[in-house]
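Below is one structure, written out as structure tokens, with a few remarks after it.
Lettering follows sequence order; numbering is per chain, from 1. Values reported hereafter were calculated over all heavy atoms of this structure, with side chains retained and with hydrogens, waters and symmetry mates removed.
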Protein chains: 2
Amino acid sequence: MSVDLPVHVSLAGQTVSVLRELVLTGEIAAGERVNEVGVSQRLGISRGPLREAIRHLASEGLLVLTPNRGARVPQLTPEEVRALFELRTALECAAAALAAQRRTEEDLVKMRGAVIRARTGLTTGEFPYRLDLAFHQALMDAARSPLIAEQVRLVQQRVILLRASIEVAFSHEQASIDDHEELITAIDARAGDRAAEIMSRHLDRVRDQLLT
Amino acid sequence: MSVDLPVHVSLAGQTVSVLRELVLTGEIAAGERVNEVGVSQRLGISRGPLREAIRHLASEGLLVLTPNRGARVPQLTPEEVRALFELRTALECAAAALAAQRRTEEDLVKMRGAVIRARTGLTTGEFPYRLDLAFHQALMDAARSPLIAEQVRLVQQRVILLRASIEVAFSHEQASIDDHEELITAIDARAGDRAAEIMSRHLDRVRDQLLT
DNA sequence: GAACTGTAAACTGTCGACAGTTAACAACTT
DNA sequence: AAGTTGTTAACTGTCGACAGTTTACAGTTC
């Protein structure tokens, strides 16, 4: 009988979570440098675990390292944003196609639920991108491809980093939800190619929103 | 006038290269554990930089970490190999389609050169996968998508890790090169969809070779 | 002889200090 | 006043040592 309780998480592991939140919420702004001694003292730990956390986030693309000059939060150029979305499109289109092959009825229920919550959330003024992510997450679950899912998660994180400094218009959110419904229809019909196409158009639109 | 000379590379950075080679060549076998004190002494460095290198390779999937139990070289199950190739297919099919859009005449020359070297290399008995990689590299260059290229590099590394303990038959190499020539034809014709299809079939075959 | 318990060795996680590099500022020169 | 050089402060890179955890083994019990 295994009661998985006081899982001792290393300081480095905890620090990864803390730092990630600081970066994603914009508390550490884009372009800002991460001072090792300063942050380690502020967190009450030594530099070792903090360094590990910094390196970890750098490997996720949430920080960029410069030799002898430490880490800073990246501010992407439009060209880099386009490259990021080429990667995202490759991954999520493939996932959409796989989801069309592998989805169960339960997967469809979850995806529809995410869309409904997004529609109601639009009016109640919840964080829109959280609701958007919930749908994409449900779709990834349906695709049943753990490695693609992990890479999608990493890319989406970097997109959130972009959004930290951008306001997205209401009409755009509306259009995204419409895309999601189209996607569900295609995945329901097991039309993989069409699902991939819709996803591609969807992500092109999202990218252009972020580039304005 | 910039003369890029004694670029001081950190110990951690050098160690990443050294360790990566040890893992990819199979000098550290699959399943084997990486002892921090042992390896650091063997390399003549302290545990700090080695730890950073280990974490780095872990983020690339070349090592797996277990809390309080260090790092070992992963030995993938057939299921994990399939998942890895789903990711690879997503990335390389997208790259093939992009290459069909963006390739220049120079790109085509380089890809053809890679195929020719592969054919001659087959008889002279060079490392086959090196020649295979050269083609895929040329294709990635033609796609001009730096982030996809980086991810492809990481996935291919993990495939090399698999190959470290597998012998590939001659006929399989032959079939791969044929696929490559088909790919060049499609990319030459700017037929993105067909290029993606060929790549998909190609990778399915490679995967099945590795799973035997 | 098999299963359990307690102890010791080996290893990972963390810390504080020192060394080397970079960047900013002040003083000096033209 | 602008440019250059020298100095200093801040920060990253590296190291060795200590603390806590895991694992292996010996001893004990049934």
Is the ring centre of A:His56 less than 6.0 Å from the ring centre of B:His56?
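No, ring centres 6.0 Å or more apart.
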
Closest to the [X] side chain: [options]?
X: B:Arg55; options: C:dG16, C:dC11, C:dG13; answer: C:dG13
X: A:Ser10; options: D:dG16, C:dG13, C:dC15; answer: C:dG13
X: A:Pro49; options: D:dC15, C:dT12, C:dC15; answer: C:dC15
X: B:Arg33; options: C:dT12, D:dT12, C:dT14; answer: C:dT12

Round to the nearest Å and state the distance from [X] atom [atom1] to [N] atom [atom2].
X: A:Leu50; N: D:dT12; atom1: CG; atom2: C1'; answer: 12 Å
X: B:Ile54; N: C:dT12; atom1: CD1; atom2: P; answer: 7 Å
X: A:Gln41; N: D:dT12; atom1: CD; atom2: C1'; answer: 14 Å
X: B:Ile45; N: D:dG16; atom1: CD1; atom2: P; answer: 11 Å
X: A:Gln14; N: C:dG13; atom1: CD; atom2: C1'; answer: 12 Å
X: A:Glu52; N: D:dT12; atom1: CD; atom2: C1'; answer: 16 Å
X: A:Asn68; N: C:dA19; atom1: CG; atom2: C1'; answer: 12 Å
X: A:Glu36; N: D:dT14; atom1: CD; atom2: P; answer: 11 Å

Take B:Gln157 and B:Arg20, measure what side chain to side chain donor-acceptor pair (under 3.5 Å) needs, and give me the verdict at the end.
CA-CA 10 Å; B:Gln157 253 188 182; B:Arg20 177 184 285 131; 2.8 Å; yes

Give one of base, sugar-phosphate or nothing for [X], where a contact means two heavy atoms less than 4.0 Å apart.
X: B:Gly70; answer: sugar-phosphate
X: B:Arg72; answer: nothing
X: A:Val34; answer: sugar-phosphate

Side-chain N or O of B:Arg51 less than 4.0 angstrom from OP1 or OP2 on C:dT12?
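B:Arg51 to C:dT12 OP1/OP2: no side-chain N or O under 4.0 Å.
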
Does a donor on one side chain sit under 3.5 Å from an acceptor on the other, for B:Asp179 and B:Ser176?
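Not at all, the side chains of B:Asp179 and B:Ser176 share no donor-acceptor pair under 3.5 Å.
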
Per the atom types in the model, does the base of C:dG13 pair as donor or acceptor with the side chain of B:Arg47 at under 3.5 Å?
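Yes.
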
So, A:Glu60 and A:Arg158, do they make that salt bridge, N to O below 4.0 Å?
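A:Arg158 and A:Glu60: not salt-bridged.
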
Below 30° counts as parallel, above 60° as perpendicular, anything between as tilted: where do the rings of B:His180 and B:His202 land?
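If you compare the ring of B:His180 with that of B:His202, the planes turn out perpendicular.
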
A:Ala12 vs A:Arg69, nearer the 5' end of DNA chain C by closest nucleotide
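The answer here is A:Ala12.
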
